[in-house]
Each structure stands twice: as structure tokens, then as C-alpha cells.
Amino acid sequence: MSTELELLRQKRAAELRRKMLESKSKPATSQLIPPKLTPREIVRRSLVGRGIEVLETARRQYPSEIAVLEENLAKLIEQGRLKGPISGEELYTFLQRAGLQFSMNTKIRIAEGGELKSIEEKLRGQSEHD
């Protein structure tokens with residue numbers, strides 16, 4: 001009985017040693033290395049609201065300048081020197097101060113009765129009721 005128990009312990013110990021050796025021989029495959037993000041992806045993750053729309057509008061008019069700016073912003077974000085989300089308004093103001101003059105498509109809408117109406121629709125609705 002004790003010999004059987006001893007054989008089982010030895011078998012279990014040998015199995016554990018084999019598993020340890022296997023795990024040591026392939027540490028790179030068992031640990032996933034996160035993919036390197038591009039500067040564009042890093043900056044996009046920090047943008048909120050209309051930030052992406054502002055960035056893409058600026059990119060259409062200033063592609064090379066925005067590429068350089070994205071690289072620098074990405075470095076600041078990775079270093080932790082630029083924290084928190086960046087709104088579209090903040091990005092627009094920053095780009096304006098950096099000398100990139102461009103205009104955004106702006107629509108003013110009014111919430112009425114659970115739906116959004118343009119100023120034109122709102123005024124048209126008021127003139128029909130008069």
C-alpha cells in the first residue's frame with residue numbers, strides 16, 4: 001500500500017517537473033505582447049465628443065501638419081504629461097492656436113418634444129401655428 005502511494009507521489013512530482021520545464025521553455029508564446037499602437041490610434045483613444053470629427057476635418061486640409069502633431073500628442077499621452085479626455089472643442093481651440101485655420105460644419109438643433117429640430121424646422125413650425 002505504501003509503495004503504491006509512493007509511486008503515485010513520484011509520478012505526480014515528475015508530471016509537475018515536466019509542466020514547469022515546458023512553461024519555462026516557451027514564455028514568449030504564453031504571454032501576449034500588446035500590439036504597438038500607432039500615434040493616430042493613441043490620440044483617437046483620448047478624443048471624446050466631436051474630437052475625431054475635428055481631427056479628420058483638420059487632416060483633410062493639413063495632412064502633413066496633423067501627422068506631426070499626432071506624433072507629438074501621442075508622445076505626451078504615453079509619457080503621462082497629457083491626461084484625461086480631449087473634447088472636440090479643446091482640440092479645435094488648440095489647432096486654431098497652432099495656426100491651423102479651418103472651419104467645421106456646424107448645425108444648431110433644438111430639442112422639442114423628444115426630437116431634434118433645426119432652426120429652420122422650428123421657425124417653419126411656429127409660422128404654421130400662427
Side-chain angles (χ1 to χ4, degrees):
M1 181 98 167
S2 65
T3 57
E4 287 179 26
L5 192 58
E6 187 61 35
L7 283 173
L8 286 173
R9 283 187 189 147
Q10 288 177 357
K11 196 183 242 185
R12 179 73 179 144
E15 187 178 321
L16 287 173
R17 277 193 295 269
R18 184 182 54 83
K19 284 183 180 180
M20 275 182 53
L21 289 173
E22 284 178 6
S23 67
K24 285 182 181 178
S25 66
K26 41 183 171 172
T29 56
S30 63
Q31 296 174 357
L32 295 176
I33 299 169
K36 180 76 173 148
L37 296 175
T38 65
R40 180 182 282 190
E41 293 168 337
I42 293 169
V43 172
R44 284 179 143 240
R45 286 184 173 191
S46 295
L47 298 175
V48 294
R50 293 182 68 188
I52 294 174
E53 182 183 347
V54 170
L55 187 65
E56 293 306 318
T57 301
R59 185 188 317 282
R60 282 193 291 275
Q61 294 181 22
Y62 302 100
S64 59
E65 290 86 350
I66 293 297
V68 170
L69 212 117
E70 274 179 334
E71 287 179 26
N72 291 324
L73 284 175
K75 286 178 189 175
L76 291 173
I77 291 168
E78 286 180 327
Q79 293 171 355
R81 294 175 59 194
L82 184 62
K83 296 177 183 173
I86 303 167
S87 71
E89 295 82 11
E90 292 169 329
L91 181 62
Y92 184 77
T93 302
F94 173 74
L95 294 173
Q96 292 283 316
R97 287 184 179 178
L100 303 179
Q101 302 293 323
F102 62 96
S103 61
M104 297 287 300
N105 291 335
T106 307
K107 295 179 184 174
I108 299 174
R109 297 188 202 177
I110 302 166
E112 182 181 282
E115 63 181 62
L116 292 174
K117 294 182 178 182
S118 68
I119 292 177
E120 179 184 356
E121 292 169 340
K122 174 80 171 156
L123 293 174
R124 204 178 308 142
Q126 283 181 349
S127 65
E128 289 175 1
H129 293 301
D130 291 339

All N/O donor-acceptor pairs, side-chain side in residues 80-88, below 3.5 Å, sequence neighbours left out:
{"unit_1": "S87", "atom_1": "OG", "unit_2": "E89", "atom_2": "OE1", "d": "3.4"}
{"unit_1": "S87", "atom_1": "OG", "unit_2": "E90", "atom_2": "N", "d": "3.2"}
{"unit_1": "S87", "atom_1": "OG", "unit_2": "E90", "atom_2": "OE1", "d": "3.4"}

- Message: If the condition is side chain to side chain contact (heavy atoms under 4.5 Å, CB included), which residues does I42 pass it with, not counting sequence neighbours?
- Response: L37, A74, I77, E78
- Query: Atom CD in Q10, atom CG in L5: separation rounded to 0.5 Å?
  - Reply: 10.5 Å
- Can you run down the side chain to side chain donor-acceptor pair (under 3.5 Å) pairs that involve residues 52-62, sequence neighbours left out, and say none if there aren't any? R44-E56, R50-E53, E56-R59, T57-R60, R59-E70
- Y92 and S103 have their tightest heavy-atom pair at OH-CA, 4.3 Å
- Note on the structure: For residues 104-119, the salt bridge (charged side-chain N to carboxylate O under 4.0 Å, His left out) pairs (sequence neighbours left out) are E112-K117, E112-K122
- Query: Under the side chain to side chain contact (heavy atoms under 4.5 Å, CB included) test, which residues partner T93, sequence neighbours left out?
  - Reply: R97
- Message: For the CG atom of L91 and the OG atom of S46, what is their distance to the nearest 0.5 Å?
- Response: 11.0 Å
- Short N-O contact, R45 and E41, less than 4.0 angstrom: no
- For E120, does the CD atom have more than 12 heavy-atom neighbours from other residues, nucleotides or ligands under 6.0 Å away? no
- Task: Determine, stepwise, if the pair L95 / I66 fulfils side chain to side chain contact (heavy atoms under 4.5 Å, CB included).
- Result: CA-CA 9 Å; L95 294 173; I66 293 297; 4.1 Å; yes
- Message: Quick check on the hydrophobic clustering: are L69 and M104 connected, directly or via other members, by side-chain heavy-atom contacts under 4.5 Å?
- Response: yes
- Message: Are F102 and I52 linked, directly or through intermediate hydrophobic residues, by side-chain heavy-atom contacts shorter than 4.5 Å (ILVMFWY only)?
- Response: yes
- Message: Within this structure, what is the CD1-CD1 distance for the pair I119 and I108, rounded to the nearest 0.5 Å?
- Response: 4.5 Å
- Message: Salt bridge or not between R12 and E15? Use side-chain N to carboxylate O under 4.0 Å.
- Response: yes
- Item | Any residue meeting side chain to side chain contact (heavy atoms under 4.5 Å, CB included) with V68, in chain and number order, not counting sequence neighbours | N72
